Amino acid sequence: MRKQVFNHSSVETHWQKIWEEKNLYKLSDMNKVVNAFYNLWMFPYPSAEGLHAGHAFASTGSDVYGRFKRMNAKIVFQPIGYDSFGIHSENYALKIGKHPREMLEKTTKKYEQQLRSLGHSYDWRRTVTTSDSDYYRWTQWLFIELFKAGLAYRKKTEVNWCPSDKTVLADEQVMSPAQAGKEAKDARGNIIKGKKDILVCERCGTQVEKKLLEQWFFRITKYADRLLAGLKKIDWPDKVKLAQTNWIGKKEGINITYPIKDSNQEIVVWTSRPDTNFGATFIVVSPEYAKQNLKNLLIKDVQSKVEKYIKLSLSKSKEERLNEGRKKTGVFTGLYALNQLNNTQMPIWVSDFVLSEVGTGAVVGVPGHDKRDFEFAKGFKLPIVRVVVGQDKDQSDITDVNQVQEEEGTMINSEFLNGLDINIAIGKMMDFLEEKGWGKRVINYHLRDWLVSRQRYWGVPIPMVKCKLCGWQPVPSEELPVQLPEISDYKPEGKGRGPLANHPEFFKTTCPNCGGSAERETDVMDTFVDSSWYFLRYPSVDSKSSTKLPFDREITKKWLPVSLYFGGAEHSVLHLMYARFVTMVLHDRGYLDFDEPFPRFFAHGLMIKDGAKMSKSRGNVVNPDLYIEKFGADTLRLYLMFMGPMDGFPDFRDTGIEGMRRFVDRVWELFTNFKNVVVLDEEGARFIMIKMHQTIKKVTEDIEEFRYNTAISSIMEYINLLRGVASKNQKSKIKNQKDKSRFKNKHFNNIRCAEWDEALKNLALLLAPFAPHLAEEVWVNILGQEFSVHTYPWPKYNPEFIEEDSVEIVIQVNGKLRGTISLSKSEAQDKEKVIESAKKVNNLAKWLEGKEIKKEIFVPEKLVNFVL
RNA sequence: GCCAGGGUGGUGAAAUUGGUAGACACGCAGGAUUUAGGAUCCUGUGGGGAUUAAACCUCGUGCAGGUUCGAGUCCUGUCCCUGGCACCA
């Protein structure tokens with residue numbers, strides 16, 4: 001028979017054109033919908049290099065699911081857009097000396113072409129580009145909504161500053177170099193080596209600095225508890241939920257107040273372990289706390305020493321303090337606090353290891369229970385006391401404390417808390433302290449408010465006006481958008497103000513309140529504000545009624561929240577938390593009926609190449625275009641989905657994709673060469689049907705759980721079987737041992753074609769989500785079915801066929817495999833029968849010989865185990 | 001340090017409730033075809049042992065124990081890796 005070659009490029013471009021012409025993936029009316037399914041992939045930012053294979057891996061994962069749902073009677077809305085504002089786009093524009101807007105046209109065009117060539121089923125009619133003014137006017141609207149709700153405010157504080165990007169950053173955008181996937185750089189761009197605990201800019205890997213600036217913040221901390229509680233009701237991967245929980249960092253504790261000896265003042269510390277307070281031997285306050293609260297109490301002898309220490313500490317950034325190693329510095333203030341619990345006087349020290357932003361900025365030193373306090377106590381020869389609280393007795397919090405105990409510490413017993421579980425002890429202690437009026441329960445969070453100002457050009461102008469008389473005023477909604485002007489000097493200068501500050505024609509304006517002269521805010525918004533609400537916009541982009549609001553309320557009711565959100569886990573505490581926050585705010589403002597935007601989120605993994613994350617600097621970026629051209633989009637899609645689990649970290653290899661292309665050719669050959677020639681007898685037909693229904697079941701269940709790799713492998717098994725039947729070369733095509741043994745006794749002689757047709761038809765349907773072009777070509781042009789395979793109902797399996805006629809029983813002796821027998825289903829249920837047959841197996845006699853069978857373990861339809 | 005998740009062939013990986021470990025592929029080896037190479041097809045492929053051949057035996061899921069008729073799967077300890085948080089009191 002002649003070898004058939006699948007001409008991928010002509011087949012794929014042909015069907016892409018037809019799909020487009022027939023609007024296969026475009027929804028005509030967003031209002032008339034039943035069974036709506038909003039299938040969303042996190043939109044990319046358009047980079048000049050285009051999509052790499054990692055994008056293709058992720059987006060294909062989403063597309064497969066969308067196609068599967070479409071075939072399962074859902075009206076699928078699958079949009080795509082561009083997160084086009086932001087430092088990432090702007091930095092590249094600066095590098096090549098082109099205006100970001102000019103660059104944007106090229107990059108989005110390239111992205112669209114690439115996504116289309118992958119055969120994705122996007123609704124290209126409804127797209128979103130965050131840098132378009134008809135999108136960002138609504139981002140400005142959102143800002144004003146937050147302002148009106150009291151959730152957008154200005155604050156002067158120490159903020160993260162990236163010296164390379166010349167802007168401030170939110171806490172969430174500052175991370176370890178490993179997290180950013182970059183090598184740490186200093187302000188001049190030189191690689192930093194050998195230093196630990198460096199925090200860098202998420203975008204460029206430059207070590208961040210601290211600056212004291214007044215900036216715009218969103219009050220996300222107000223939603224800390226809501227953000228935590230909401231996690232309980234959404235279907236997300238545990239690791240993502242956990243990352244958010246950790247980031248929010250809710251901790252219950254208590255503020256304990258100690259009187260300061262010989263004064264009428266008090267000192268307040270926050271602790272989560274008041275049960276150890278019997279063992280408190282000193283107090284340490286942060287330099288900031290000391291400066292604010294203790295200065296006036298200092299006696300002359302120590303005053304200059306303490307002030308010198310405070311001054312020195314405050315001149316250092318937080319990072320510098322931390323980087324100086326674990327050796328703790330400090331100074332005694334000469335003051336004492338009274339611990340009313342054990343009537344001791346605790347010396348008050350100042351040390352820079354205490355962070356001013358945590359708790360009250362003052363810590364009670366319990367060196368018997370805390371490693372840092374222990375180090376401090378050892379360093380300055382302060383007493384070490386360990387409290388025995390119930391079950392805490394043996395489990396030391398500090399490894400070397402027990403040893404120290406004998407040498408220099410005292411062990412005391414707290415009768416008050418004796419024998420209690422640690423959590424109960426903590427609760428009891430808090431009750432006690434509150435009753436006495438010595439303390440008050442306070443919950444602390446790690447989460448900080450979201451800093452949204454950016455001193456850059458390429459972003460949404462913050463729609464606020466500052467009037468000397470009226471203060472900050474929002475721009476009236478009818479004046480939105482505040483257009484981002486086209487300027488040529490858009491390079492950031494690093495003076496703490498954005499490039500727009502050099503353009504009086506932009507910022508000079510009048511006050512919306514009093515009409516007097518006023519100035520606009522010249523900073524722009526963090527890109528994460530743009531992406532915090534884009535999913536609300538997609539379904540409504542072409543709605544006429546969305547002129548007063550960014551989204552049509554009726555359409556939103558039908559389509560939101562998002563049915564399945566597909567994206568990377570690297571956004572766990574960035575985009576995913578911001579989007580939840582914004583959705584909650586809009587819900588509370590009465591614009592939305594739901595307060596969780598993504599009830600179901602799947603976190604895909606990250607594709608790597610040669611063991612490392614793909615990046616331009618490493619030079620290991622895989623361009624999907626070359627593979628599409630050489631092997632075809634379907635081959636690439638199948639390969640990407642087959643490489644491993646969707647949430648894994650597959651390593652792209654050329655040889656792997658070649659193997660997948662061979663598979664595609666074999667599929668093509670099966671359809672073209674064996675469409676009509678195969679004939680089956682009744683027994684052979686049933687044999688094929690069993691495998692077919694088993695495959696349908698497996699593929700259906702696997703896709704639903706994103707186990708695409710095993711779905712594809714079961715399709716491969718199915719095809720191997722069909723090819724074996726087709727070529728009558730039984731032994732060679734079927735490698736699966738189970739199929740092989742069953743195959744042996746079957747005959748494929750008499751004419752009987754209906755089942756064969758059904759087998760091929762269902763094969764095309766099962767392939768459709770993974771290889772949409774191949775499936776369509778085969779469906780229409782070979783099997784002669786009606787266009788389109790992608791709107792044809794997904795095959796259902798018949799449970800009658802899933803159960804095989806005969807089953808293989810495993811025979812074990814003392815738990816070890818000694819043989820197998822094949823029995824009919826009914827026989828396999830009967831213990832006596834199975835044991836009888838099992839004993840007849842040749843090999844078994846030598847194992848049972850001369851030994852007494854103590855026990856016979858029988859699992860119906862599975863195994864029999866002889867225990868000797 | 002704390003909290004998660006994970007260690008299975010040369011490689012990517014499979015393995016409902018404990019019940020034939022390594023499906024499906026890649027790679028590799030041998031063979032067929034070919035002037036040759038490539039492509040294709042066939043055979044083999046966890047380690048070790050044994051046999052003329054087939055059947056066969058034995059070890060094997062990071063390591064050490066345990067529970068069980070039976071453990072990749074459950075329990076205890078331990079080592080390593082990945083991710084999140086981190087002088088957070």
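All values reported here derive from a predicted model rather than from experimental measurement.
No hydrogens or angles were tested; on distance alone, nothing pairs the side chain of A/Lys371 with the base of B/C87 as donor and acceptor under 3.5 Å. Side-chain atoms of A/Asn865 and base atoms of B/C69 include a donor and an acceptor less than 3.5 Å apart. In terms of polar N and O atoms assigned as donor or acceptor, the side chain of A/Gln244 never comes within less than 3.5 Å of the base of B/G84 in a complementary pairing.
In a base pair of the Watson-Crick type (N1 to N3 plus N6-O4 or O6-N4) or a G-U wobble (N1-O2 and O6-N3), with each distance short of 3.5 Å, B/G70 is matched with no nucleotide. Nucleotide B/A89 has no partner under the Watson-Crick or G-U criteria, as no pair reaches both atom distances under 3.5 Å. Searching all strands for a Watson-Crick or G-U wobble partner of B/G5 with both distances below 3.5 Å returns B/C81. Pair assignment for B/U20 gives none, since no Watson-Crick or G-U wobble pairing has each distance under 3.5 Å. Pairing of B/U33, defined by two Watson-Crick or G-U wobble distances under 3.5 Å, is not identified with any nucleotide.
Nucleic acid contact class of A/Val358 (heavy atoms, under 4.0 Å, all strands): base. Within 4.0 Å (heavy atoms only), A/Asn444 reaches no atom of the nucleic acid at all. A/Leu242 comes within 4.0 angstrom of the backbone, heavy atoms only, and of no base. Contact annotation for A/Phe642: base contact, defined as any heavy-atom pair under 4.0 Å involving a base atom. A/Gly659 comes within contact range of the sugar-phosphate backbone alone, with a heavy-atom separation under 4.0 Å but no base atom that close. Note on A/Pro645: only backbone sugar-phosphate atoms sit closer than 4.0 angstrom, heavy atoms only; bases stay farther off.
Atom C1' of nucleotide B/A13 and atom CG of A/Asp647 are separated by 13 Å, given to the nearest angstrom. Taking atom CG of residue A/Asp238 and atom P of nucleotide B/G83, one finds them 19 Å apart after rounding to whole Å. The separation between A/Asn673 atom CG and B/C41 atom P is 13 Å, rounded to whole Å. Between A/Ile348 atom CD1 and B/A89 atom C1' the separation is 16 Å, expressed in whole Å. In this entry the distance linking CZ of A/Phe631 with P of B/A25 reads 18 Å, nearest Å. We find that CE of A/Met660 is positioned 20 Å from P of B/U11, with the value rounded to whole Å. Between A/His446 atom NE2 and B/C2 atom C1' there is a gap of 14 Å when expressed in whole angstrom units. Atom CD of A/Glu570 is separated from atom P of B/U82 by 18 Å (rounded to the nearest Å).
The minimum heavy-atom distance between A/Met430 and A/Glu252, with the atom names listed, is CE-O, 4.2 Å. When all heavy atoms of A/Ala337 and A/Ile267 are compared, the closest pair comes out as CB-CG2, 4.1 Å.
Separation of the C1' atoms belonging to B/U78 and B/A14 is 28 Å when rounded to the nearest angstrom. A distance of about 26 Å separates the P atoms of B/C26 and B/U20, rounded to the whole Å. For the C1' atom pair drawn from B/G66 and B/C28, the interatomic distance equals 40 Å after rounding to whole Å. Comparing B/U67 with B/C85, their P atoms sit 42 Å apart, to the nearest whole Å. Comparing the C1' positions of B/A21 and B/G5 gives an interatomic distance of 23 Å, to the nearest angstrom. A distance of about 24 Å separates the P atoms of B/G49 and B/G62, rounded to the whole Å. Here, B/G70 and B/U17 have their C1' atoms 15 Å apart, quoted to the whole Å. Spacing between B/C87 and B/C81 at atom P, rounded to whole Å, works out to 22 Å.
Of the possible donor and acceptor atoms, one in the side chain of A/Asn620 sits under 3.5 Å from a partner among the backbone N and O of A/Lys609.
B/G83 has its base anti relative to the sugar, with a glycosidic angle deviating from 0 by more than 90°.
Side-chain nitrogen and oxygen atoms of A/Arg662 include at least one within less than 4.0 Å of the OP1 or OP2 phosphate oxygen of B/G27. At B/A14, one or more side-chain N or O atoms of A/Asn709 fall inside 4.0 Å of OP1 or OP2 (strictly under the cut-off). Within the 4.0 Å cut-off from OP1 or OP2 of B/A89, at least one side-chain nitrogen or oxygen of A/Lys251 is found. A close approach under 4.0 Å does not occur between any side-chain nitrogen or oxygen of A/Asn246 and OP1 or OP2 of B/C2.
Among residues at least two apart or in separate chains, salt bridge (Lys or Arg N to Asp or Glu O under 4.0 Å) pairs with a member in residues 692-704 of chain A are A/Lys69-A/Glu704, A/Arg600-A/Glu704, A/Lys697-A/Glu701, A/Lys698-A/Asp702, A/Asp702-A/Arg707.
Not less than 6.0 angstrom separates the ring centroid of A/Phe282 from the ring centroid of A/Phe380.
The environment of A/Lys250 atom NZ is dense: over 12 non-hydrogen atoms of other residues, nucleotides or ligands sit within 6.0 angstrom.
Nucleotides of RNA chain B nearest to A/Asp373 and A/Met716 differ in position, and the one nearer the 5' end is that of A/Met716. Where A/Phe866 and A/Arg448 each meet RNA chain B at their nearest nucleotide, the meeting point lying more 5' is that of A/Phe866.
In this structure, A/Arg580 fails the cation-pi test against A/Trp247, since its NZ or CZ atom is not both closer than 6.0 Å to the six-membered ring centre and inside 45 degrees of the ring normal.
Listed by chain and number, the residues in a ring-ring contact (aromatic ring centres under 6.0 Å, His included) with A/Tyr289 amount to none (sequence neighbours excluded).
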